[in-house]
There are 2 protein chains.
Amino acid sequence: MRSYHQRCALAKALDVVGDRWTLLIIRELLIRDACRYTDLLNGLPGIATNLLAERLKELEAAGLITREDEPPPIATKVLRLTSRGKELAPAIAALGWWGRPLLAEDVDNDAFRDHWVILPLRQYVRDRSPGARPITLALRLGKEHVTLETASDGSVRVQPGNPTRRDALIDGEPGTILALLSAKVSLAAARAKGVRFEGDPKILRRFGSKYTSGVVHDSENVHGRS
Amino acid sequence: MRSYHQRCALAKALDVVGDRWTLLIIRELLIRDACRYTDLLNGLPGIATNLLAERLKELEAAGLITREDEPPPIATKVLRLTSRGKELAPAIAALGWWGRPLLAEDVDNDAFRDHWVILPLRQYVRDRSPGARPITLALRLGKEHVTLETASDGSVRVQPGNPTRRDALIDGEPGTILALLSAKVSLAAARAKGVRFEGDPKILRRFGSKYTSGVVHDSENVHGRS
DNA sequence: CGGCATCCACAGTGATACTG
DNA sequence: CAGTATCACTGTGGATGCCG
């Protein structure tokens with residue numbers, strides 16, 4: 001991208017990440033941490049492959065990503081965000097938060113990838129009993145496996161992949177799982193929308209949204225075991 | 001801009017504000033609140049006038065800005081952010097914060113407008129004695145006049161324009177004033193860099209950065225009256 | 001297959017000139 | 001003052017080709 005040539009922090013940031021596709025590439029890398037070129041192509045429906053190659057070069061030159069050969073088991077180069085790249089997380093979170101009301105538009109024509117839900121999960125879901133025993137939750141969204149772990153400070157780690165040990169399993173559509181874990185919807189309602197739940201439903205009481213009171217679990221838990 | 005057609009809040013946000021120049025236009029409107037077309041042209045060095053016209057149409061259609069005729073004294077149409085548009089402030093702040101380390105680059109070739117400093121002022125400067133008597137500070141940056149008012153909650157209102165009543169006046173270069181008000185630099189050091197200060201230097205103790213301890217005022221205040 | 005490079009039609013951009 | 005018109009140029013998206 002051409003520089004704006006303005007002595008302004010916002011303009012300087014946009015000089016680096018203001019190009020088309022750039023922030024979406026960062027989004028993918030924030031979700032996955034380690035990525036192959038093809039993973040990015042899959043996660044960015046609509047991007048032209050030459051454009052992805054070009055952007056990756058620019059991002060590497062700007063110090064936001066690294067591409068490294070991995071030890072023998074892995075044949076391909078792996079792309080990662082540098083710490084400087086990861087520092088974009090708050091900005092991406094803020095933009096995504098602003099964009100939430102727009103999600104209703106164009107629902108049917110839009111492409112969707114199950115792992116995209118990891119970003120809002122990280123952002124909204126909190127542990128409502130930080131002191132209690134740590135919990136590991138396995139999510140299954142289509143073919144995507146996601147691990148959710150409570151930390152001691154009330155935050156919740158959300159990463160792609162399957163956990164070795166789990167306290168419960170939720171299987172269903174991304175939107176419904178997000179609603180369930182941010183306590184916008186009861187387990188009964190989620191089940192009505194096709195969610196499968198394995199484990200003790202009480203575990204769900206641990207989770208709520210950072211932004212709403214989220215009392216649905218408690219009042220409707222009686223229906224949970226149906 | 002072409003839509004990304006992805007069911008993702010970030011992609012949806014970028015569908016609206018991801019175009020070149022768009023976020024910088026929002027920046028200008030966040031700083032000034034009410035703007036004429038020409039004010040924007042002046043505040044966005046490098047933009048082509050047809051591009052600005054086109055972006056403004058898009059932003060109006062997206063519900064981020066309004067353009068209205070004003071009552072008789074004002075002959076021209078005035079552009080304002082809608083509440084939805086103002087909600088971009090946190091995202092712009094986050095991006096600007098990320099971009100700060102890049103400000104060192106290209107210092108001499110970059111265009112600069114004095115009022116741009118209002119955004120970082122709003123973001124970093126805080127009132128360290130929220131309980132104390134409210135303070136109004138007048139800033140003069142080149143030809144730009146800025147008013148700074150402490151609120152009761154420790155925040156500081158920063159707006160363009162000259163206050164009717166003021167407790168003190170600071171006149172100097174934007175960067176130096178920003179450093180002074182975020183307590184990165186003592187009054188003596190600021191004066192050495194050409195800052196003119198009228199009023200009781202003790203007032204400066206009220207101000208510090210949200211992100212650093214900022215103890216410069218206290219330890220060096222003895223030199224302030226030189 | 002993963003990771004690009006090349007080519008091309010076209011949409012977006014920037015500089016300037018012009019208009020009500 | 002607030003744009004529109006024009007036009008050369010650059011960036012983008014899609015297809016396809018190449019190479020280990």
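Order of the sequence lines fixes the chain letters, A, B, ..., with proteins taken first and strands second; residue numbering starts at 1 for each chain.
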Asks: Without decimals, in angstroms, what is the distance between Leu52(A) CG and dT6(C) P?
Replies: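 From Leu52(A) CG to dT6(C) P: 16 Å.
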Asks: Looking at dG13(D), I'd like to know if its phosphate oxygens (OP1 or OP2) sit under 4.0 Å from a side-chain N or O belonging to Arg20(A).
Replies: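 For dG13(D), OP1/OP2 do have a side-chain N/O of Arg20(A) under 4.0 Å.
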Asks: Let me know the distance between CG of Asp15(B) and C1' of dG12(C), rounded to the nearest Å.
Replies: 16 Å
Asks: Report yes if a donor N or O on one partner sits less than 3.5 Å from an acceptor N or O on the other, where the partners are the side chain of Asn50(B) and the base of dT13(C); otherwise report no.
Replies: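 For Asn50(B), whose side chain was compared with the base of dT13(C), there is no donor-acceptor pair (under 3.5 Å).
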Asks: Would you say a side-chain N or O of Arg55(A) is under 4.0 Å from OP1 or OP2 of dT12(D)?
Replies: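 Answer is yes, contact under 4.0 Å.
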Asks: Could you state the atom-to-atom distance from CD of Glu54(A) to C1' of dT6(C) in whole Å?
Replies: 13 Å
Asks: Are Glu58(A) and Arg55(A) within salt-bridge range, i.e. N to O under 4.0 Å?
Replies: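 Salt bridge present between Glu58(A) and Arg55(A).
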Asks: Could you check how far CG of Asp39(A) sits from C1' of dG2(C), rounded to whole Å?
Replies: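 That distance rounds to 10 Å.
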Asks: Has the side chain of Asp19(B) got a donor or acceptor that lies under 3.5 Å from a partner of the other kind on the base of dG12(C)?
Replies: no
Asks: Once you round it to whole Å, what is the distance between C1' of dC1(C) and NZ of Lys77(A)?
Replies: 17 Å
Asks: Report yes if at least one side-chain N or O of Arg67(A) is closer than 4.0 Å to OP1 or OP2 of dC4(C); otherwise report no.
Replies: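 Yes.
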Asks: For dC1(C), does either OP1 or OP2 sit under 4.0 Å from a side-chain N or O belonging to Arg36(A)?
Replies: no
Asks: Check this one for me: any side-chain N or O of Lys57(A) less than 4.0 Å away from OP1 or OP2 of dA5(C)?
Replies: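 Yes, Lys57(A) has a side-chain N/O under 4.0 Å of OP1/OP2 on dA5(C).
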Asks: Establish, from distance only, whether the side-chain atoms of Arg100(A) and Gln123(A) form a donor-acceptor pair under 3.5 Å.
Replies: no
Asks: With respect to the side chain of Arg2(B), which nucleotide from dG14(D), dG2(C), dT4(D) is positioned closest?
Replies: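 So the nucleotide nearest the side chain must be dG14(D).
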Asks: Using whole Å, what does the distance between atom P of nucleotide dC4(C) and atom CG of Leu79(A) come to?
Replies: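 These atoms are roughly 8 Å apart.
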Asks: Find the distance Asn42(A):CG to dC1(C):C1' and express it as a whole number of Å.
Replies: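 Nearest whole value for this atom pair: 12 Å.
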Asks: Please pick, from dC1(D), dT4(D), dT13(C), the nucleotide with the shortest atom-to-atom distance to any side-chain atom of Leu51(B).
Replies: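 Output: dT13(C).
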Asks: Are Trp21(A) and dG11(D) close enough that a side-chain N or O sits under 4.0 Å from OP1 or OP2?
Replies: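 No, no such contact exists.
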Asks: Under the salt bridge (charged side-chain N to carboxylate O under 4.0 Å, His left out) test against Glu60(B), which residue among Arg84(B), Arg67(B), Arg80(B) passes?
Replies: Arg67(B)
Asks: Rounded to the nearest angstrom, tell me the gap between atom CG in Leu41(B) and atom P in dT16(C).
Replies: 14 Å
Asks: Tell me whether Asp110(B) is salt-bridged to Arg7(A), with the criterion being a basic N under 4.0 Å from an acidic carboxylate O.
Replies: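 A salt bridge is absent here (no side-chain N lies under 4.0 Å from a carboxylate O).
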Asks: Check this for me, if you would: do Arg113(B) and Glu144(B) make a salt bridge, where the nitrogen-to-carboxylate-oxygen distance has to be below 4.0 angstrom?
Replies: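 No salt bridge links Arg113(B) with Glu144(B).
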Asks: Ignoring hydrogens and geometry beyond distance, is the side chain of Thr49(B) in donor-acceptor contact with the base of dG3(D) at under 3.5 Å?
Replies: yes
